[in-house]
K.L.:
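Would you mind keeping the following structure in view while I ask a few things?
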Amino acid sequence: MQRTENAYKRLLAGLSGLSILIVFGVVFAGSVSRYLFSSPLQWSEEIAKYAMIYGCMFGVAYAYLQGTQITFSIVVDTIPARIRRKLAIIVDAATLVLGGILAYAGYVFAAKRGGIVASGIGIQMYWAQIAITVGGVCLVIAAILRLASCLNKNATGGEA
């Protein structure tokens, strides 16, 4: 299970990094084109914006899987380890449900409004809006992996 989790972390980190690289490259190219050649790239802002959204979606799942998401650590650190393990299972289950809701809501949103064409790059907005669904699915997978890891540690008597 740990190998699967590590592989998924590497995938999410790579996709997040690629998204940020695209943002940087497109913004740099747009700046060079605008200020050196006085010919702005009309599509650069849209591509950067969509790459940033995808990067955030991958990053949310990565941060959750790493355990580096925002938490109320002052509360969590004060409760006993036994209760903390149960709380971790509840949080993972809630994240699984919320990720599923996010994926479904993103799909509904993209299906209803995805036919609109992006003015700068000329593609259907579906491809930008489906990022919400992709992020939800990534979060569901991350929650399943954490939940399985937590349940496995509880079954073997390890620390969560």
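The first residue of the sequence shown is numbered 1, and numbering continues consecutively from there. None of the values given here were measured: they were computed from a predicted structure.
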K.L.:
Taking a hydrophobic cluster as the set of Ile, Leu, Val, Met, Phe, Trp and Tyr residues connected by side-chain heavy atoms closer than 4.5 Å, whether directly or through intermediates, do V23 and V134 fall within one such cluster?
P.N.:
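No, no single cluster joins them.
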K.L.:
Any chance CD of E5 has more than 12 other-residue heavy atoms, nucleotides or ligands included, within less than 6.0 Å?
P.N.:
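Atom CD in E5 is packed in, count exceeds 12.
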K.L.:
Could you give the distance from NZ (K49) to CD1 (I53), rounded to the nearest 0.5 Å?
P.N.:
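If I round to the nearest 0.5 Å, the distance is 7.5 Å.
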K.L.:
Could you pull out the closest heavy-atom pair between Y54 and W127, with the gap in Å?
P.N.:
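For Y54 versus W127, the nearest heavy atoms are OH-O, 2.6 Å.
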K.L.:
At what distance, to the nearest 0.5 angstrom, does OG1 of T95 lie from CG of L102?
P.N.:
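Result: 11.5 Å between the selected atoms.
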K.L.:
Find the distance between CZ (R85) and SG (C150) and round it off to the nearest 0.5 Å.
P.N.:
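Here the rounded value is 8.5 Å.
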K.L.:
Locate the shortest heavy-atom distance separating L65 from L12; write the atom from each residue and the value.
P.N.:
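So the minimum-distance heavy-atom pair works out to CD2-CD1, 4.4 Å.
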K.L.:
Where is the tightest heavy-atom contact between A48 and V27, given as atom of each residue plus distance?
P.N.:
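What the structure gives for the nearest pair is CB-CG2, 3.9 Å.
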K.L.:
List the atom of G106, the atom of T133, and the distance in Å for their closest heavy-atom pair.
P.N.:
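For G106 versus T133, the nearest heavy atoms are C-OG1, 2.9 Å.
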K.L.:
With the 4.5 Å side-chain cut-off for hydrophobic clustering, are L98 and V137 part of the same group?
P.N.:
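No; tracing contacts between hydrophobic side chains, which count when under 4.5 Å, never links both residues.
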K.L.:
Assign the ring pair F24 / F28 to parallel, tilted or perpendicular, where the plane angle (0 to 90°) is split at 30° and 60°.
P.N.:
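Correct class here is parallel.
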K.L.:
Is it possible for you to say whether V97 and V91 belong to one hydrophobic cluster, with membership spreading through side-chain heavy-atom contacts below 4.5 Å?
P.N.:
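Not linked; separate clusters.
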K.L.:
Which pair of non-hydrogen atoms, one from A61 and one from A142, has the smallest distance, and what is that distance?
P.N.:
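Smallest interatomic distance, heavy atoms only, reads O-CB, 3.9 Å.
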K.L.:
Would a single hydrophobic cluster contain both Y8 and I144, if residues Ile, Leu, Val, Met, Phe, Trp and Tyr are joined by side-chain heavy-atom contacts under 4.5 Å?
P.N.:
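Different hydrophobic clusters.
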K.L.:
Under a 4.5 Å side-chain heavy-atom rule over Ile, Leu, Val, Met, Phe, Trp and Tyr, are I47 and M52 clustered together?
P.N.:
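Cluster IDs for I47 and M52 differ.
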K.L.:
With respect to Y62, which candidate in K9, M57, R10 satisfies the side chain to side chain contact (heavy atoms under 4.5 Å, CB included) definition?
P.N.:
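Only match with Y62 under side chain to side chain contact (heavy atoms under 4.5 Å, CB included): K9.
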K.L.:
Can you tell me how far OG of S44 sits from CD1 of I121, rounded to the nearest 0.5 angstrom?
P.N.:
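It comes to 11.0 Å.
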K.L.:
Contact between V26 and W43 at the side-chain level, heavy atoms closer than 4.5 Å - yes or no?
P.N.:
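In short, these two side chains touch, coming nearer than 4.5 Å.
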K.L.:
To the nearest 0.5 Å, what is the distance between CG (L139) and CD1 (I101)?
P.N.:
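Result: 11.0 Å between the selected atoms.
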K.L.:
If you count every heavy atom of other residues, nucleotides or ligands that lies below 6.0 Å from Y107 atom OH, does the total exceed 12?
P.N.:
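Not buried by this count: 12 neighbours or fewer within 6.0 Å.
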K.L.:
Quick check for you: to the nearest 0.5 Å, what is the distance between T4 atom OG1 and L11 atom CG?
P.N.:
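Result: 12.5 Å between the selected atoms.
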K.L.:
Which heavy atom of A51 sits nearest to which heavy atom of S19, and what is that distance?
P.N.:
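Shortest heavy-atom separation between A51 and S19 comes out as O-CB, 3.3 Å.
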K.L.:
Any side-chain heavy atom of Y50 sitting closer than 4.5 Å to one from M125?
P.N.:
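Side chain of Y50 against side chain of M125, heavy atoms only: contact under 4.5 Å found.
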K.L.:
Within a strict 4.5 Å, meaning less than it, do heavy atoms of the R34 and L41 side chains meet?
P.N.:
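When only atoms from C-beta onward are counted, L41 and R34 do not touch, as no gap falls below 4.5 Å.
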K.L.:
One pair to check against side-chain contact (heavy atoms from CB on, under 4.5 Å): Y64 and L145. What are the steps and the verdict?
P.N.:
CA-CA 11 Å; Y64 177 72; L145 289 171; over 6 Å; no
K.L.:
In the structure I gave you, are the side-chain heavy atoms of F58 and L18 within less than 4.5 Å of one another anywhere?
P.N.:
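No, too far: nothing below the 4.5 Å cut-off.
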